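One structure is given here, and the rest of the page talks about it.
Everything numeric in this text was worked out from a predicted model, so none of it was measured.
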Amino acid sequence: MDKRRTKKISTEMQKQISKILQNDINDPRLTDNMVSVTDTEVTNDLAFADIYISVLGDKKVKDEVFEALNQANGYIKNLIGERMRLRSMPEFRFKLDTSIEHGIYIDQLIKETIEKDERSHVDDDK
């Protein structure tokens, strides 16, 4: 299949899954936590869709979110099928995306380094 078509499908699927998580699922494990769809990659043969999910929280929260996603998998696929009208529906594979948490961690390290550097300059000036 054409890479442009699979990219277009991936982008639209990401939008739709985000909307479904916001509007159509009432599971508190998903609605009470900061959950976002950061990326979706559909294979060329439309057999699989890797859906990257970012969850802010500890390991327990992440485990609960992925348990809820896997339980709602069929419902989500059904809604996607209605909204996108694909001939074949890919098998969803939910994957944890830690890039946002990693970015927050790096940002904190930078701030700490700047503060430490500023303190050392103040000490040098005395």
One should read off an interatomic distance between Asp50 CG and Phe94 CZ, to the nearest 0.5 angstrom, of 10.5 Å
Query raised in the report: Is there a donor-acceptor contact under 3.5 Å from the side chain of Thr6 to the main chain of Val42?
Result: no
Report whether Ile20 and Leu86 are members of the same hydrophobic cluster (ILVMFWY, side-chain heavy atoms less than 4.5 Å apart, transitive linking). yes
Output for pair (Lys95 NZ, Leu69 CG), nearest 0.5 Å, gives 14.5 Å
Same apolar cluster: Leu96 and Ile104, side chain cutoff 4.5 Å:
no
From the list Asn70, Val35, Leu56, side-chain contact (heavy atoms from CB on, under 4.5 Å) with Val65 holds only for Val35
Is there a side-chain contact (heavy atoms from CB on, under 4.5 Å) between Glu12 and Gln16 once you walk through the steps? CA-CA 6 Å; Glu12 182 61 25; Gln16 292 301 325; 2.8 Å; yes
Less than 4.5 Å apart, side chain to side chain, heavy atoms only: is that true for Phe66 and Val55?
yes
For Tyr105, the other hydrophobic cluster members (4.5 Å side-chain criterion, sorted by chain and number) are Ile106, Leu109, Ile110, Ile114
Let's go through Asp107 and Lys111 carefully: what are the C-alpha distance in whole Å and the side-chain angles of both, what is the deciding distance for side-chain contact (heavy atoms from CB on, under 4.5 Å) to 0.1 Å, and is it a yes or a no?
CA-CA 6 Å; Asp107 189 49; Lys111 285 179 184 176; 3.4 Å; yes
With a 4.5 Å heavy-atom cut-off, do Ile53 and Asp97 have their side chains touching? no
Review point. Is there a path from Phe48 to Ile76 through hydrophobic residues (I, L, V, M, F, W, Y) whose side chains come within less than 4.5 Å of each other?
Key: no
Would you say the side chain of Leu79 lies within less than 4.5 Å of the side chain of Glu82, judging by non-hydrogen atoms? yes
Is Met89 linked to Ile51 within one hydrophobic cluster, defined over Ile, Leu, Val, Met, Phe, Trp and Tyr using a side-chain heavy-atom separation of less than 4.5 Å? yes
Using side-chain heavy atoms (C-beta onward) and a distance below 4.5 Å, is Gln71 in contact with Arg29?
yes
Rounded to the nearest 0.5 angstrom, the CG-CD distance for Asp32 and Glu64 is 10.0 Å
When every non-hydrogen atom of Ile9 is compared with those of Met84, the smallest separation belongs to O-CE, 3.7 Å
Taking every heavy atom of Thr31 against every heavy atom of Pro28, the minimum-distance pair comes out as OG1-CA, 3.3 Å
For this session: Answer yes or no: is there an ion pair linking Lys62 with Glu101, defined by an N-O contact shorter than 4.0 Å?
Result: yes
Subject >> Check: Gln14 side chain, Thr38 main-chain N or O, donor-acceptor pair, under 3.5 Å >> reply: yes
Going only through I, L, V, M, F, W and Y residues with side-chain contacts under 4.5 Å, is there a path from Tyr52 to Val61? no
Looking only at heavy atoms, the pair that brings Pro90 and Ala49 closest together is CB-N, 3.8 Å
- Evaluate the criterion side-chain contact (heavy atoms from CB on, under 4.5 Å) for residue pair Tyr75 and Asp27; output intermediate values, then yes/no. CA-CA 12 Å; Tyr75 179 67; Asp27 190 323; over 6 Å; no
